Amino acid sequence: MMAWSRIAEIWLIAWRCGGMARRALWAAKTRSLFVVAGVALGIASLTIIVAAVDGAERKANEMVALFGPDAALVLGGNIESRAVGQRTLTLSYDDAAALRRSLPGAYLVVPMRAQSNVQVRYAGHVTQVPLVVGTTAGYARAWDWPLSEGRDLTEEDLTHSARVGLIGDTIAQELFGKQSPIGRTVLMDRFPVQIVGRLSYRGVTGGGGAVDDRIIMPITTLTKRFHLDRKYFRALRVKFHDPEYMSAHVENLRSLLRHLHNLRPEEEDDFSILTADEILKFLSTFKGGLILFLGVTALVAMVVGGFVLANLFYLGVDERRSEIGLKMALGAPRWAILVQILLEAVGLTLIGATFGMFLGMAMGQLLARLGVLEILFSWKVFGFALFASLAIGLVFGLKPARRAASMTPIEALKGC
Amino acid sequence: MSSSQPIIQLQDIEKTFLLGDLHIEVLKGVSIDIGRGEFVALRGASGSGKSTLMHILGLLDRPSGGRYLLQGKNIADLPDDRLSALRNQLFGFIFQTFYLIPYITALENVMLPGLYGATPARQLKRRAEELLSQVGLADRLHFRPGQLSGGQQQRVAMARALLNDPQVLLADEPTGQLDSATSAEIMALLKSIHGQGRTVILVTHDAATAEFAEREVLLHDGLVQNR
């Protein structure tokens, strides 16, 4: 029972130390403000880093979802060792046919090529389409990209090089506004193309511009109309059953392509295979770089904040020697002095953290608006900021607090 | 332990300070007994060691040699936090420079010694108000020290010293910074505190001030001067 009343007393005294800390901080407004500002800058950078890393992760997941976990993209040429003048047109229609025939587990093989920056007109509206993609039948299915209206490209369209196309949502808005684009004919460069389908809005910005900014056409039509190479194409999309065996699928694909290209064992691949895994790997490297760069920045900012705190608190302890000595003379135990100074430090870092979070969010929004960073705010930010500010307060407040608590009442009283 | 036993017994107290390589002997074997309810003046010129002696008496400093028996118990065996508790409960302090905390009110300054104990805040506040009206500052409860005159500040400090109802009051040159009229008021207050049955120890360099006490101990060069 004695022990419980002693614990209650210690809590009461600690609580009262908190009250004294509040009064002392308010009395030293300027000093408090400097500490708050120093810590706020650190916490602001921490907020941005957490939001940016989360944003990068969301982006990665979006890109992977966009790509499809069951898909592989084969590019002509080896992107890891691209020698000057190396051929990138290595994928042929014969390859596509052979894969379609004999690649186990694959249910869709879609060759693709693209023409960039094509002018498109409709009834007086003119727009520049960044990407016109040539593909075989079943584009919407191959990319898990549902149509909001109309129909997908068919085998018929391919064999007849039909002048038909699927339209991206953004382009459709630009050319037709609220009207349906289905059945309408646009002029691409000089030849007419009838829109048969409209891709639903995705809203994700991939590596090369907005994904909704595109028109999809049969690859045969594109080849003819833009006078492209008739034998080769740039990329090939393959979709597999059973995505849990992706690594085996990719090995099969690689072996088959090497066989088709007559590569000897010592020769390198003359193509590159990208999968969702590869993309994730690349993105996690990118994310690692981001964490490292921003993490070091945030750490430096927080340590600077911490040193500002430690320095000003050292000065404060010196200035308040007589106050500390007086409290000791009046019977304050050493731990109560320690607790008061620590509470002062932690109180300021918590206030700094609050300002820092708002500052960080504002700066993060700004960076996101400017397109510099992808950011995502979550409750995690609060957790990190709270933890970091507590840590700064305790770590950097401890030395000054111990210094104050280790004074003898006499040397403290004489200090004034 | 009989009630006639002195509350404070100093036996051959020595205090040496180290200043670089120099040992400075400030107290060279001081023996004093102070009885319960006594009003004692420790008088000496500056450098006589009276302030050091007062610090030792008030448990603010430990002697380098000799024995200090407080209510018959040797304080040398007690840890720092136990000494803090004893200072809190047994002693009240009044200093020459008042030592009020400038950014809190007179009332809060008086409550300060109580904050390091378990007494409920409301009770502390009532007691502090009572004490402040006893020293004639009932209408100054919420003034900051800077808004009070020197004499008023010293009266706040006296109220503070009495908050925990201490048995011993230590006053270190309490009138050192006050004019003579105010000094007389403060000394009268000190006498009335003694009249409440408390032991009062007054440290001063001034023979006239020492007159207020029942007994005078003259300190010279770290030793008690026998007459």
Side-chain angles (χ1 to χ4, degrees), chain A residues 1-32 316 319-340 343-344 402 405-416, chain B residues 15 17 26 51-63 79-105 108-121 124 144-146 157 160-164 166 170 172:
Chain A
M1 278 343 250
M2 273 306 284
W4 280 115
S5 69
R6 177 72 187 136
I7 288 166
E9 187 184 339
I10 285 173
W11 270 109
L12 179 67
I13 294 174
W15 173 257
R16 287 168 174 176
C17 288
M20 290 187 247
R22 191 171 52 81
R23 303 299 298 268
L25 291 180
W26 189 245
K29 287 183 207 62
T30 318
R31 190 169 56 216
S32 300
E319 274 172 26
R320 287 160 64 195
R321 269 167 173 275
S322 63
E323 178 189 326
I324 293 162
L326 172 80
K327 284 177 176 166
M328 286 179 157
L330 297 183
R334 290 189 188 285
W335 66 262
I337 302 290
L338 187 88
V339 163
Q340 181 182 337
L343 285 176
E344 288 178 20
R402 286 177 62 163
S406 67
M407 289 180 188
T408 67
I410 284 312
E411 71 167 334
L413 274 178
K414 276 181 185 160
C416 86
Chain B
K15 182 71 187 178
F17 290 104
V26 178
S51 285
T52 304
L53 184 60
M54 184 236 149
H55 294 151
I56 287 172
L57 281 167
L59 305 179
L60 295 169
D61 208 352
R62 291 175 187 266
D80 282 357
D81 279 357
R82 186 75 200 113
L83 294 188
S84 296
L86 282 174
R87 281 199 298 272
N88 189 241
Q89 294 305 313
L90 222 54
F91 290 97
F93 292 92
I94 302 166
F95 302 97
Q96 179 174 0
T97 49
F98 325 135
Y99 285 128
L100 299 176
I101 296 181
Y103 53 84
I104 58 178
T105 63
E108 289 168 317
N109 266 293
V110 175
M111 286 168 69
L112 202 56
L115 297 183
Y116 299 105
T119 315
L124 286 177
R144 304 266 161 125
R160 180 180 66 193
L162 294 176
L163 185 86
N164 283 341
L170 281 160
D172 186 6

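Every value quoted in this text rests on a predicted model; they were computed, and no experiment measured them. Reminder, nothing fancy here: chain letters follow the sequence lines and each chain counts from 1.
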Check each atom of A/I13 against the heavy atoms of chain B and say whether the ones under 4.5 Å are side chain, backbone, both or neither. both
Does A/L326 reach the side chain of B/F93, with side-chain heavy atoms less than 4.5 Å apart? no
Side chain, backbone, both or neither: which part of B/A121 has an atom under 4.5 Å from a heavy atom of chain A? both
Under 4.5 Å, heavy atom to heavy atom, which residues of residues 112-119 of chain B contact chain A? B/L112, B/P113, B/G114, B/L115, B/Y116, B/G117, B/A118, B/T119
Does any backbone or side-chain atom of A/A332 lie under 4.5 Å from a heavy atom of chain B? Answer side chain, backbone, both or neither. both
Option in A/P333, A/A28, A/G325 with maximal non-hydrogen atom pairs under 4.5 Å from chain B: A/P333
Between B/R62 and chain A, with a heavy-atom cut-off of 4.5 Å, which part of the residue counts as in contact: side chain, backbone, both or neither? neither
Of all of A/I10, A/T408, A/L330, which one pairs up most often with chain B through heavy atoms under 4.5 Å apart? A/L330
Separation between CG of A/L413 and OG of B/S51, rounded to the nearest 0.5 Å: 11.5 Å
Against chain A, label B/F91 side chain, backbone, both or neither, depending on which of its atoms sit under 4.5 Å from a heavy atom there. neither
Side chain from CB out, backbone as N, CA, C, O: work out which of these in A/R16 comes under 4.5 Å of a heavy atom of chain B, or both, or neither. side chain
Checking heavy atoms, do the side chain of B/E108, its backbone, both or neither come under 4.5 Å from chain A? side chain
Out of B/D80, B/L83, B/L60, return the one with the most heavy atom pairs under 4.5 angstrom to chain A. B/L60
Per-residue contact mode, B/R82 against chain A (heavy atom under 4.5 angstrom): neither
Relative to chain A, which segment of B/P79 carries a heavy atom at a distance below 4.5 Å: side chain, backbone, both, or neither? neither
I need the B/T105 OG1 to A/R23 CZ distance, nearest 0.5 Å. 6.5 Å
Interatomic distance, CZ@A/R320 vs OH@B/Y103, rounded to 0.5 Å, equals 4.5 Å
